[in-house]
Amino acid sequence: MTNKELIFERVRQDYQFREYRTRTHKYRKIVAGDLSDLGEGYGGHGNDVTSGRERNRRSLNDTFDEIVVSIDEIGRTNLIGRELRTLLLQTNFVNPQLNFPDVDPNEAAFMSEYWQIRTGPRPRGCYALPHLQMAQLDYMVSGIGFVGLTMAKGYPCITHFDSLDVIWDQSTKIVSDIQWVAVSERRTASYWASAFPNKDLGKWFTDLNDDDLVRLWFYYDTSGDKYGAEDEGTFAILVGEGEGCHDDPLHIGPNPFYYEADGYKAPYLPVEPMVWGQWPSVRYAEGLARPMLAHQMAIWQCDRLMREAVTDGRDITAYDPDAMEDESLEKFLDGESSLLELKTGRTLQEAIQRFPGVNVADSVVMWREQNERALTGMSGVNPFANGVKPSGLDFARDTQAIMDSSGVVAGKVAQDVARAYENIAWKFLSTSAIYDDRPILIRLGGVPYEFDSDKLPVRAFLRTDARPIVSEDDI
């Protein structure tokens with residue numbers, strides 16, 4: 001099999017990710033407050049109305065897919081979205097500072113400042129922070145998030161690759177060991193025509209209407225067809241077609257992303273995965289949203305019962321119109337007077353009777369509180385960060401225990417994000433050391449240093465052998 005045929009067969013594996021994409025998309029909608037995939041009772045449009053006895057026979061996974069308990073959307077809570085947003089804010093605020101402990105302090109300060117400028121706000125940088133945050137949110141909801149590199153006008157740029165648009169090597173047990181990856185992007189033909197300066201490549205789109213949507217696959221691998229120390233890897237661009245692609249690539253050549261170390265090139269994939277829950281014998285990782293969903297569904301059921309008790313179960317006043325004088329009856333109905341004139345021989349008990357409303361059952365309140373505590377516990381969010389005081393706190397040691405345990409998940413997220421930042425920063429700096437000859441002004445200790453493309457390109461001063469370190473305290 002030729003390298004071109006191998007690439008074609010790999011991209012055709014797009015259909016294998018159909019189940020993963022469907023599941024991920026549903027969880028994203030739930031986190032955003034859209035319950036249409038949970039069935040008719042939760043605001044969806046399903047028509048599968050099943051009896052309670054039949055529902056009880058369903059497995060847990062089936063119950064997640066088809067919920068038929070009637071619930072009103074008005075006043076509906078979304079604690080999953082609240083907890084994940086809080087966790088994101090607790091673990092991601094700014095573009096982290098890079099440290100380079102294995103190089104000279106002046107060089108370390110120079111490269112750290114270069115990172116802050118090139119990944120900072122536009123126009124000097126590519127404004128990487130929103131992309132890093134979106135990759136982290138994707139990681140928490142979907143179980144895996146991809147932050148990666150692209151080439152914008154010939155220079156590296158950090159971006160978020162939506163996990164729904166990525167397919168990767170399924171022959172490895174761990175996502176970080178993948179040897180190839182393909183990323184799809186859907187744009188108009190006019191965009192692609194202007195994005196490729198190569199006339200031979202861009203002319204493919206000139207025969208299409210400007211607004212025609214074209215899906216391209218960008219394929220990268222680290223092995224290519226040499227399989228040796230000098231291998232350059234492969235980069236290919238293919239036109240998407242259904243759940244596959246055309247068998248003739250628009251472009252195929254060496255992988256433009258590589259390290260230059262020890263006298264040879266070492267190609268790498270321009271993506272860095274963040275994986276939350278990877279279980280043995282399970283192909284795809286699981287995010288934080290799935291284990292919280294069962295508790296959120298129980299909370300919705302409790303909310304429905306409590307809302308019905310408050311709205312439909314209000315106090316009822318019954319009256320006998322024949323027991324009151326006409327004028328008093330009219331005032332009573334208008335709520336204008338509490339002084340009633342009764343007809344002769346009639347008593348107040350005959351005229352008006354009041355029946356107390358339905359109280360919310362204590363079991364419903366306790367069940368809701370229990371599920372809310374479980375949901376918050378699974379998210380790892382400090383409950384006090386949301387302004388919620390957990391019930392049953394009698395002593396200061398109880399509060400301290402909650403504070404200590406709430407940092408477990410947040411610490412795991414911060415650790416994963418820090419490692420992803422380190423790896424993508426290393427790849428970004430290594431790529432910049434090859435391609436970045438743009439003018440830049442870097443100030444160190446109040447002294448300005450100017451670099452340009454003619455005499456003093458900044459890429460010559462970037463150390464590819466320096467390993468960046470991100471402190472988890474910066475996340």
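The figures here come from the full heavy-atom set of this structure, side chains too, leaving out hydrogens, waters and symmetry mates. In this chain, numbering begins with 1 at the start of the sequence shown.
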Do any N or O atoms from the side chain of [X] and from the backbone of [Y] form a donor-acceptor pair under 3.5 angstrom?
{"X": "Asn209", "Y": "Asp212", "value": "no"}
{"X": "Asn255", "Y": "Phe257", "value": "yes"}
{"X": "His131", "Y": "His160", "value": "yes"}
{"X": "Arg186", "Y": "Val214", "value": "no"}
{"X": "Gln296", "Y": "Ile80", "value": "yes"}
{"X": "Asp221", "Y": "Thr234", "value": "yes"}
{"X": "Asn371", "Y": "Trp367", "value": "yes"}

Please say which of [options] ends up in a ring-ring contact (aromatic ring centres under 6.0 Å, His included) with [X].
{"X": "Phe110", "options": "Phe451, Tyr449, Phe100", "result": "Phe451"}
{"X": "Tyr268", "options": "Phe428, Tyr258, Tyr259", "result": "Tyr259"}
{"X": "Trp168", "options": "Tyr220, Trp180, Phe161, Phe146", "result": "Phe146"}

Salt bridge or not for [X] and [Y], using N-O below 4.0 Å?
{"X": "Arg373", "Y": "Glu83", "result": "no"}
{"X": "Arg438", "Y": "Asp452", "result": "no"}
{"X": "Arg215", "Y": "Asp14", "result": "yes"}
{"X": "Glu185", "Y": "Arg187", "result": "yes"}
{"X": "Lys173", "Y": "Asp177", "result": "no"}

Looking at [X] and [Y], what are the two nearest heavy atoms and their distance?
{"X": "Cys245", "Y": "Phe8", "result": "O-CE1, 3.2 Å"}
{"X": "Arg82", "Y": "Thr376", "result": "NH2-OG1, 4.3 Å"}
{"X": "Ser379", "Y": "Val409", "result": "O-CG1, 3.3 Å"}
{"X": "Ala289", "Y": "Val141", "result": "CB-O, 4.1 Å"}
{"X": "Ala433", "Y": "Thr464", "result": "CB-CG2, 3.6 Å"}
{"X": "Leu132", "Y": "Tyr421", "result": "CB-OH, 3.4 Å"}

Is the NZ or CZ atom of Arg23 positioned over Tyr20's six-membered ring, under 6.0 angstrom from the centre and within 45° of the axis?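 Judged by the rule (NZ or CZ under 6.0 Å from the ring centre, within 45° of its axis), Arg23 is not positioned above Tyr20.
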
Among side-chain atoms of [X] and [Y], is any donor-acceptor pair under 3.5 angstrom?
{"X": "Thr172", "Y": "Gln179", "result": "no"}
{"X": "Thr188", "Y": "Asp211", "result": "no"}
{"X": "Ser432", "Y": "Tyr114", "result": "yes"}
{"X": "Asn423", "Y": "Glu272", "result": "yes"}

Could you tell me whether the side chain of [Y] reaches within less than 4.5 Å of the side chain of [X], counting heavy atoms only?
{"X": "Met151", "Y": "Cys157", "result": "no"}
{"X": "Glu422", "Y": "Arg419", "result": "yes"}
{"X": "Ile299", "Y": "Glu372", "result": "yes"}
{"X": "Pro457", "Y": "Asp436", "result": "no"}
{"X": "Lys427", "Y": "Leu149", "result": "yes"}
{"X": "Val181", "Y": "Arg10", "result": "no"}
{"X": "Asn106", "Y": "Leu444", "result": "no"}
{"X": "Leu87", "Y": "Val413", "result": "yes"}

Once you round to the nearest 0.5 Å, how far does [atom1] of [X] lie from [atom2] of [Y]?
{"X": "Gln116", "Y": "Met111", "atom1": "CD", "atom2": "CE", "value": "13.5 Å"}
{"X": "Glu113", "Y": "Ile440", "atom1": "CD", "atom2": "CD1", "value": "8.5 Å"}
{"X": "Leu79", "Y": "Thr86", "atom1": "CG", "atom2": "OG1", "value": "10.5 Å"}
{"X": "Arg459", "Y": "Ser430", "atom1": "CZ", "atom2": "OG", "value": "14.0 Å"}
{"X": "Thr159", "Y": "Ile424", "atom1": "OG1", "atom2": "CD1", "value": "10.0 Å"}
{"X": "Arg118", "Y": "Leu462", "atom1": "CZ", "atom2": "CG", "value": "9.5 Å"}

Walk me through it: do Leu216 and Leu250 pass the test side chain to side chain contact (heavy atoms under 4.5 Å, CB included)? CA-CA 9 Å; Leu216 293 186; Leu250 293 179; 4.0 Å; yes

Does a sphere of radius 6.0 Å around [atom1] in [X] hold more than 12 heavy atoms from other residues, nucleotides or ligands, not counting ones at 6.0 Å or beyond?
{"X": "Met366", "atom1": "CE", "value": "no"}
{"X": "Glu19", "atom1": "CD", "value": "no"}
{"X": "Tyr435", "atom1": "OH", "value": "yes"}

Would you please name every residue forming a side-chain contact (heavy atoms from CB on, under 4.5 Å) with Ala425, sequence neighbours left out?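 With neighbours one apart ignored, the set is Leu98, Trp115, Pro468.
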
Tell me, please, which residues at least two apart from Leu441 pass side-chain contact (heavy atoms from CB on, under 4.5 Å).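 Testing Leu441 for side-chain contact (heavy atoms from CB on, under 4.5 Å), a comparison that skips the adjacent residues, returns Arg124, Arg443, Pro448, Glu450.
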
After noting the C-alpha distance and the side-chain angles of Gln16 and Ile167, does the key distance pass the side chain to side chain contact (heavy atoms under 4.5 Å, CB included) rule? CA-CA 9 Å; Gln16 297 183 3; Ile167 62 174; over 6 Å; no

Stepwise side chain to side chain contact (heavy atoms under 4.5 Å, CB included) test for Phe461 and Leu456: CA-CA 9 Å; Phe461 296 87; Leu456 198 64; 3.6 Å; yes

Do Phe235 and His251 pass the ring-ring contact (aromatic ring centres under 6.0 Å, His included) test, and can you show the C-alpha distance, the side-chain angles, and the key distance before you say yes or no? CA-CA 8 Å; Phe235 167 59; His251 168 81; 5.6 Å; yes

Kindly indicate, with the supporting measurements, whether the criterion salt bridge (charged side-chain N to carboxylate O under 4.0 Å, His left out) is fulfilled by Arg28 and Asp162. CA-CA 12 Å; Arg28 288 183 181 182; Asp162 193 324; 2.7 Å; yes

Stepwise side chain to side chain contact (heavy atoms under 4.5 Å, CB included) test for Lys4 and Asp248: CA-CA 8 Å; Lys4 183 186 295 186; Asp248 188 17; 4.0 Å; yes

Quickly, which of Thr150, Thr431, Asp437 forms a side chain to side chain donor-acceptor pair (under 3.5 Å) with Tyr155? Name it, please.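 Of the listed options, the one satisfying the test is Asp437.
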
Can you label the angle between the Tyr139 ring and the Trp276 ring as parallel, tilted or perpendicular, going by 30° and 60°?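 Because their plane-to-plane angle is over 60°, the rings of Tyr139 and Trp276 count as perpendicular.
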
